[in-house]
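First comes the structure, then the notes that go with it.
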Amino acid sequence: MISATFGIPDLDEIELAHANGIKVMTIILTVEEALTAERAGVDIVVAQGSEAGGHRGTFTISDSQGSLIGTMALVPQVVDQVQIPVIAAGGIMDGRGLAASLMLGAKGVQLGSRFLTVAESGADREYKQALLDSTEDSTIITTCFSGRPARAIKNEFINFHLEKQIQPLAYPIQNQVTSEIRQAAKHLGNRGYLSLWAGQGIRLMKDGQTAEKTVHEIIGQAKSLLGSYQ
């Protein structure tokens, strides 16, 4: 599997992947992006709702937010318009989110933030603690770290850019410019200047649970919920 974001691989790249038995998946934020991906030969699309943490995967929208369609609204509309499998992403943290996504027509889910605090996570201590200290209202979509819209926990760096109305440089230049700041903040354990990517389901995180237990727990809860509707 090749998973792409910020765009669709070129036709020759997709054909090369298919020739080698590799499927291609890409993130989309709107129905039109999903249709564009399908026409290009992409095998699977990830419908990324506005709740998702980290970078917005849009490749057609140029404003500072990207598209802000929620997962629950986006997934069924995409499912109804494309023939390829749709994966739901954004705000999904447990079996309830998985069950809801499947009922909306998704073939699966993609979780990111949920695994930042598992035992095997490579996130540093300050990042993990910031996640555990936050709530559903703690995140904001910002371009100040990389020049592209991304959802992160609000901190001093983001607030400074908002107060001073600083316009970031274009991606990836802004990302390169802020890299040393973020590295220094990580070294000093200063969460105020880290890029704390996180989605809006942040209250549902659990500290120190293994990835294996997390996956089994999510699947088990979804099976129980879906079984109760049969």
Side-chain angles (χ1 to χ4, degrees), residues 1 3 5 25 27 29 44 46-57 68-75 86-104 106-142 145 149-158 182 185-229:
M1 177 73 69
S3 180
T5 189
M25 178 169 70
I27 292 175
L29 271 64
I44 302 169
V46 179
Q48 184 191 52
S50 59
E51 305 94 324
H55 283 95
R56 313 293 295 136
L68 294 181
I69 306 168
T71 306
M72 293 287 286
L74 178 62
V75 170
V86 177
I87 304 297
I92 302 166
M93 303 291 281
D94 57 21
R96 292 172 294 182
L98 171 55
S101 299
L102 294 175
M103 293 184 75
L104 291 173
K107 297 300 183 183
V109 295
Q110 180 172 289
L111 282 69
S113 300
R114 180 65 183 82
F115 290 95
L116 288 171
T117 56
V118 297
E120 299 90 341
S121 170
D124 60 83
R125 182 177 59 83
E126 283 299 321
Y127 188 0
K128 289 183 178 181
Q129 194 57 52
L131 293 164
L132 296 170
D133 291 342
S134 298
T135 72
E136 72 283 355
D137 194 40
S138 296
T139 67
I140 189 173
I141 295 178
T142 180
F145 287 107
R151 184 175 291 282
I153 297 171
K154 289 175 284 189
N155 59 8
E156 287 88 337
F157 192 74
I158 292 174
R182 289 180 279 116
K186 182 177 181 179
H187 178 72
L188 295 171
N190 184 348
R191 70 175 71 169
Y193 292 84
L194 293 173
S195 51
L196 304 170
W197 308 138
Q200 290 182 314
I202 202 164
R203 282 188 191 266
L204 301 176
M205 290 184 174
K206 296 181 181 179
D207 185 22
Q209 183 172 291
T210 67
E212 180 180 15
K213 183 177 180 181
T214 299
V215 171
H216 286 302
E217 188 177 86
I218 291 170
I219 293 174
Q221 185 182 24
K223 284 183 175 179
S224 177
L225 289 169
L226 292 171
S228 68
Y229 286 102

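Residue numbers run from 1 in the order of the sequence given.
The structure places CG of L116 at 10.0 Å from CG of L132, a figure rounded to the nearest 0.5 Å. Between the CD1 atom of I153 and the OG atom of S195 there is a distance of 10.5 Å, given to the nearest 0.5 Å. Interatomic distance, Q221 CD to L226 CG, rounded to the nearest 0.5 Å: 10.5 Å. Considering CG of D133 and CD1 of I202, their distance stands at 9.0 Å, rounded to 0.5 Å. How far OH of Y193 is from CD of E126: 14.5 Å, rounded to the nearest 0.5 Å. Annotation: the span from S101 atom OG to Q110 atom CD amounts to 11.5 Å, rounded to 0.5 Å.
When all heavy atoms of L111 and I92 are compared, the pair lying nearest together is CG-O, 3.3 Å. Closest approach of M25 and M1 over heavy atoms only: CB-SD, 3.8 Å. Summarising the geometry of A222 relative to A99, their closest heavy-atom pair is CB-N, 4.1 Å, with the distance given to 0.1 Å. Here the closest non-hydrogen pair linking K128 and V118 is NZ-O, 3.7 Å. The heavy-atom pair separating V86 from A47 by the smallest distance is CG1-CB, 4.0 Å.
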Run the side chain to side chain contact (heavy atoms under 4.5 Å, CB included) check on N155 and I158 step by step: do they pass? CA-CA 6 Å; N155 59 8; I158 292 174; 3.5 Å; yes
D124/L194 under side chain to side chain contact (heavy atoms under 4.5 Å, CB included): CA gap, chis, key distance, verdict: CA-CA 11 Å; D124 60 83; L194 293 173; 4.2 Å; yes
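Among residues two or more places apart in sequence or in another chain, the side chain to side chain donor-acceptor pair (under 3.5 Å) test is passed with R96 by D94. Considering only residues two or more places apart in sequence or on other chains, L104 meets the side-chain contact (heavy atoms from CB on, under 4.5 Å) condition with M72, V75, P76.
Y127 places a side-chain N or O within 3.5 Å of a backbone atom of W197 that can act as its donor or acceptor partner. Between the side chain of Q48 and the backbone N or O of G57, at least one donor-acceptor pair lies under 3.5 Å. Within the 3.5 Å criterion, the main-chain N or O of M93 finds a donor-acceptor partner in the side chain of R114. Formation of a donor-acceptor pair under 3.5 Å by the R56 side chain with backbone atoms of G49 is found in this model. In terms of modelled atom types and a separation under 3.5 Å, the side chain of E51 and the main chain of T71 share a donor-acceptor contact.
Counting heavy atoms of neighbouring residues, nucleotides and ligands inside a 6.0 Å radius, atom NZ of K154 exceeds 12 of them. Heavy-atom neighbours of E212 CD from other residues, nucleotides or ligands within 6.0 Å: at or below the threshold of 12.
Of the residues listed (K206, Q209, E120), the one engaging T214 in a side-chain hydrogen bond (donor to acceptor under 3.5 Å, both in side chains) is Q209, and it is the only one.
Side-chain contact check for F145 versus L196: every heavy-atom pair is 4.5 Å or farther apart.
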